[in-house]
Participant: 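My questions will all concern the structure given below.
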Amino acid sequence: MEPQLPHNAADETAEDLDAPLRAAVRRLSTLLGKEIEQQHGEDVLQLVEDVRAASRDLDAADAASEVQRRINSVPLETAIVLTRAFSQYFLLANSAEQVYRIRSIRGAEDPESWIPRAIRRIVEHGGVDELRETVKKLDVRLVFTAHPTEAQRRALLTKLKRVSQIVGEATPEGTAARARQDRQLATLIESIWLTDDLRRFQPTPIDEARNVMWYLRSLYLNTLPELLTILRDELAKYGVELPENAQPIRFGSWIGGDRDGNPYVTPQVTREVLTLQAATAIDIAIEFINRAMQLLSVSSSLTGADPELQASLARDYRNETLIDPAERALYEEEPYRIKLGIMREKLRRTKRRITQRSPHVDGDDYQSAEEVHADFQVIRDALRRHGGDRIADSELLLAQQVTSGMGLSLAVLDVREHSEKHHDLLGELFDRFGATLGERRYCELNREERTRLIAEELASSRPLVPATIGQEDSPVSAASRQTFDVFRVIKESHGIYGKQCIQSYIVSMTHGADDILAVALLAREAGLIGLEGEHKHADIGFVPLLEEVPELQSAGKILTQLFENPSYREIVRMRGDVQEVMLGYSDSNKEAGVITSQWEIHRAQRQLRDVAAKYGVKLRLFHGRGGSVGRGGGPTYEAIMGEPAGVLDGSIKFTEQGEVISDKYTLPELALENLSLSLAAVLEGSSLHKQSRHSPESQEQNTRIMQFLSDRAYDRYRVLAQDPDLPSYFVQSTPVEQLGDMKIGSRPSKRTTSEKGLDGLRAIPWVFGWTQARQIVPGWFGAGSGIKAAREAGYGDALKSMQENWLFFSATVSNIEMTLKKTDMEIAAYYIESLADPSLRRIFAQIKEEYELTVEQIEWLVAENALLDRQPTLQRTLDVRDRYLKPIHYMQVAMLKRVRANAEPNSEEIQYYTRALLTTINGIAAGMRNTG
């Protein structure tokens, strides 16, 4: 077998990349085939080859029948081997593809790399002063989430990472070095084959936190220092300095803080995750200090003693336990090493203090990252005064910047909760202890009345929460106690790790200003906000998450109402006049379809930009992007550059989740490429897109046409979404019900609110099911009807102009085109005919009709004879991948039929079938390069 690989760079068309890529896949495939033969015999390997050949050489119906016949003719254990064989071919192929993505990066000329090119463009169009000002504002925040879309276990990902590393080491065939490599690869492949593909247990939030820490450790120790060096060196070419206190890229996390719909993220879990993160952060800081100690063998007998360094050491020596006398004597003439050794010991004690939850002791451990930063500064200043400028401003500066950025908490932890939870708690408080509502209860108030009531309470000084709220005999419910306990944990954590550890409280399903004011009031009650007296403070910011179309359309109104409230405006002022707003791609897509979702998010950004400017507030947009197009995914650079003019001002925040994390950040060179890409896009977007690229007349026309197109696409999408039989169709024609069995995340697939059917289903399983069955409705449905209607209304030429000149529109079209290419109506039809009730086939007829229309309209719009003609490498590799995906799809349908037909769900037979079914899900996820 020789599956071809998709190429990640859309603009890469070099034919010479194909041959070495095919050779690498052939090499790995041969080794896997030998392993299968060794473990299971020649007959099983031949079965794999026969199924592959049938899927390649026969038409769909005959191929499906042949695969079914083969499966029926072998024992269940062999059927599982068959599905695992195809799945693991894709895993190995993906590892090889990563190697050749890296080689493509290495082959690029330095001036055309992301950061050099962005800096050069800024200087050419705006000058050096513009570059200097843009760099000062740079604040890119990548937030890792535990959203369950990574189908592969970390036990496999670590082995696959090593496979990529070995394949990436160029060795000629026929050499002893090549033979040694093949033995290493064979060992790894054997280990992969003997490792269970499936998780036996549901991961906990703690497991998910450990997984992200695995990536962050490498990013902090390797990737971020290199990125900062590249940025600093490129800026220096134009006489621009990267400020020493700059944090151009920061990492955040939702894991342990995202409570929305996840009952397992309790206040105690938040505490535990922060403790784990702190331990990892301190270990990383110690590693930087160990590196510095090897470098800083600077002798005072040569440079002379530095009075300020000596004074700092004198203060440290007051605590005699911080340094061993023998070590102090050994390094008597190397004071920098002594200082670093004391810093290391204080970090160890800080770790012990945090783990044991003991109080900080001044001079014995660190209370905050600022103290670590200050000690680094003492060393760097002393070095500068004694001829060590290069050391002070290179490795040591990097250590200082990286450790300062991660603080004592590794990554900034966001807290997220559903808006209903806060109103539930306030309802209990107001009804029993708080305001006089007459004959009415809090839940009976409309939104305007609630806003007024909460605003009055926020402006008052009386306490609302009783002192007994945290006790067992508390008069509020257990659920409400837990909601309030989260605020207490935030307050407690600020005291342990510093206020950097949790900076934002995100409110899911924000429908109005009352949803944000409610959280601000609860934060005040927990001591996180103080609006009176000399000690006013706002230790945390509040982030509305706008997820559904009505809320996106009301984005400006919601923000205006908040800024018009004097108490809230004071909170924003104390937060540096920065307001963060999160935009939800997934739920808006599920509700309205891809065209309307993308357009309403774009319009919301314009509204938010204008309102923030009116009130003198800096806007930080937080994009809740997923891996798939249906959840806001797609190329990061194009997405950032396609934002409305003036939205970017150096600051942006977006999520990284699931298979996107492993794809982007497993290998250091790919991690550097992706961080560089994000940084470059924000640099360019902030500097070169302050004003619209279009005339006012053109803007007005584009907006009018886009609204028309969106309305028609929305109408078509809602016909499908509101079909009463769609839930049955979706469940019957896809393996969505098996998502929970995959055990790929701690969070349930449905929200814990009262929503039923598709409304209660989260966006991840929504996209997951459609993708597995190759319908991928969330990625394109409605687009064809919208474009056709616009053409019929006389907008054809304007659409062509929009495609050529409007980056937002062309990026949206490109993403839709890619999902159309990944859609396969032939395979989808096989799922429907094999699994769904015949009465539901009318829905498939609608989907197929819209698919064919959308393909036709997209090909017209981009002037192609076939999808992806402009990207021949990607087109070719997706075509080849399809040939190897087909047998897995046929096997999945076979296993779904058996699982659904078996009357005894706990029988040994059904467990075998379920295992085979879940293995096909893994295989399709690997072949498609995404799940949800």
Side-chain angles (χ1 to χ4, degrees), residues 205 256-272 415-447 449-495 502 505-531 539-540 542 544-545 567-568 571 748 751-755:
D258 182 11
R259 293 171 47 77
D260 179 22
N262 192 338
Y264 306 112
V265 180
T266 64
Q268 182 56 31
V269 163
T270 302
R271 288 188 181 97
E272 292 178 22
V415 171
R416 182 173 75 138
E417 181 58 281
H418 197 286
S419 58
E420 287 182 8
K421 299 292 186 180
H422 312 117
H423 290 300
D424 289 344
L425 170 54
L426 284 181
E428 294 187 42
L429 293 172
F430 277 117
D431 290 347
R432 300 185 186 188
F433 319 112
T436 301
L437 301 178
E439 299 296 322
R440 303 170 69 193
R441 301 176 63 212
Y442 180 86
C443 63
E444 295 170 348
L445 302 179
N446 62 36
R447 193 168 295 280
E449 292 170 327
R450 272 198 323 212
T451 302
R452 210 161 38 243
L453 174 65
I454 298 169
E456 290 172 1
E457 193 67 29
L458 188 60
S460 74
S461 58
R462 69 165 185 166
L464 179 66
V465 174
T468 58
I469 191 171
Q471 300 173 10
E472 288 299 321
D473 60 349
S474 169
V476 300
S477 66
S480 289
R481 286 203 308 273
Q482 191 170 92
T483 299
F484 189 69
D485 280 347
V486 174
F487 293 91
R488 288 178 160 173
V489 168
I490 297 171
K491 180 69 174 176
E492 168 195 306
S493 301
H494 283 179
I502 300 176
Y505 193 109
I506 300 164
V507 184
S508 292
M509 290 295 168
T510 295
H511 300 296
D514 61 314
D515 294 328
I516 301 301
L517 295 177
V519 181
L521 177 57
L522 293 172
R524 187 202 70 181
E525 293 297 297
L528 291 164
I529 300 295
L531 296 172
D539 299 338
I540 193 168
F542 308 105
L545 171 46
S567 298
Y568 190 80
I571 291 171
R751 295 185 184 272
T752 56
T753 59
S754 59
E755 296 162 314

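This is a predicted model, so every value here is computed, not measured. Positions are given from 1, in the same order as the sequence printed here. The figures here come from the full heavy-atom set of this structure, side chains too, leaving out hydrogens, waters and symmetry mates.
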Participant: Say you draw a straight line from CZ of R416 to CG of D258; how long is it, rounded to the nearest 0.5 Å?
Facilitator: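 Taking CZ in R416 and CG in D258, the distance rounds to 4.0 Å.
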Participant: Any non-hydrogen side-chain atom of H494 less than 4.5 Å from a side-chain atom of L528?
Facilitator: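 SC-SC contact between H494 and L528 confirmed.
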Participant: Listed by chain and number, what are the side-chain contact (heavy atoms from CB on, under 4.5 Å) partners of Q482, not counting sequence neighbours?
Facilitator: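 Applying side-chain contact (heavy atoms from CB on, under 4.5 Å) to Q482 gives R259, T266, P267.
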Participant: Can you list every salt bridge (Lys or Arg N to Asp or Glu O under 4.0 Å) pair that touches residues 509-523, not counting sequence neighbours?
Facilitator: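 Matches after skipping sequence neighbours: R447-D514, R447-D515, R450-D514.
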Participant: Could you tell me if the side chain of V415 sits less than 4.5 Å from the side chain of I490, heavy atoms only?
Facilitator: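 Touching, per the 4.5 Å side-chain cut-off.
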Participant: Tell me whether the rings of Y568 and F542 are parallel (<30°), tilted (30 to 60°) or perpendicular (>60°).
Facilitator: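 Tilted: the ring planes of Y568 and F542 meet at 30° to 60°.
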Participant: Short question: side chain of T510, backbone of V507 - any donor-acceptor pair under 3.5 Å?
Facilitator: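 Yes; judged by distance alone, with no hydrogens or angles, the pair exists.
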Participant: So does L464 get a backbone contact from the side chain of E457, meaning a donor-acceptor N/O pair under 3.5 Å?
Facilitator: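 It does not hold such a pair.
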Participant: Nearest 0.5 Å, what's the SG-CG distance between C443 and D424?
Facilitator: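 So the gap between those two atoms works out to 9.5 Å.
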Participant: Kindly compute the distance separating OG1 (T270) from CD (E492), expressed to the nearest 0.5 Å.
Facilitator: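 One finds 10.5 Å between OG1 of T270 and CD of E492.
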Participant: Indicate the atoms forming the closest heavy-atom contact of P205 with V265, along with that distance.
Facilitator: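 Looking at all heavy atoms of both residues, the closest pair is CG-CG2, 4.0 Å.
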Participant: Please name the pair of heavy atoms, one in Y264 and one in V269, separated by the smallest distance, quoted to 0.1 Å.
Facilitator: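 It is O-CG2, 3.3 Å.
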Participant: Roughly how far, to the nearest 0.5 Å, is CG of L545 from CD of E417?
Facilitator: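 Answer for the CD-CG pair, E417 versus L545, is 12.0 Å.
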Participant: Please report the interatomic distance CZ(R271) to CG(D485), rounded to the nearest 0.5 Å.
Facilitator: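 Result: 7.0 Å between the selected atoms.
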Participant: Taking the side chain from E428 and the backbone from S477, do they hold a donor-acceptor pair closer than 3.5 Å?
Facilitator: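 Yes, the answer is positive, given that a donor and an acceptor are paired below the 3.5 Å cut-off.
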Participant: Considering residues at least two apart in sequence or located in another chain, which fulfil the side-chain contact (heavy atoms from CB on, under 4.5 Å) criterion with A518?
Facilitator: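 Expected list: H422, H423, L426, I454.
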Participant: Could you check whether any side-chain heavy atom of E444 comes within less than 4.5 Å of a side-chain heavy atom of E449, counting everything from C-beta outward?
Facilitator: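 No. Closest side-chain heavy atoms not under 4.5 Å.
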Participant: Locate the shortest heavy-atom distance separating V486 from Y505; write the atom from each residue and the value.
Facilitator: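 For V486 versus Y505, the nearest heavy atoms are CG1-CE1, 4.3 Å.
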Participant: Drop me the distance from I529's CD1 to L458's CG, to the nearest 0.5 angstrom.
Facilitator: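 Going from the CD1 atom of I529 to the CG atom of L458 covers 8.5 Å.
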Participant: I want to check something: taking the side chain as every heavy atom from C-beta on, are F484 and E525 in contact at a cut-off of under 4.5 Å?
Facilitator: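 They are in side-chain contact.
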Participant: Please check if the side chain of K491 supplies one atom and the backbone of G527 the other of a donor-acceptor pair under 3.5 Å.
Facilitator: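 Yes, K491 side chain to G527 backbone: donor-acceptor pair under 3.5 Å.
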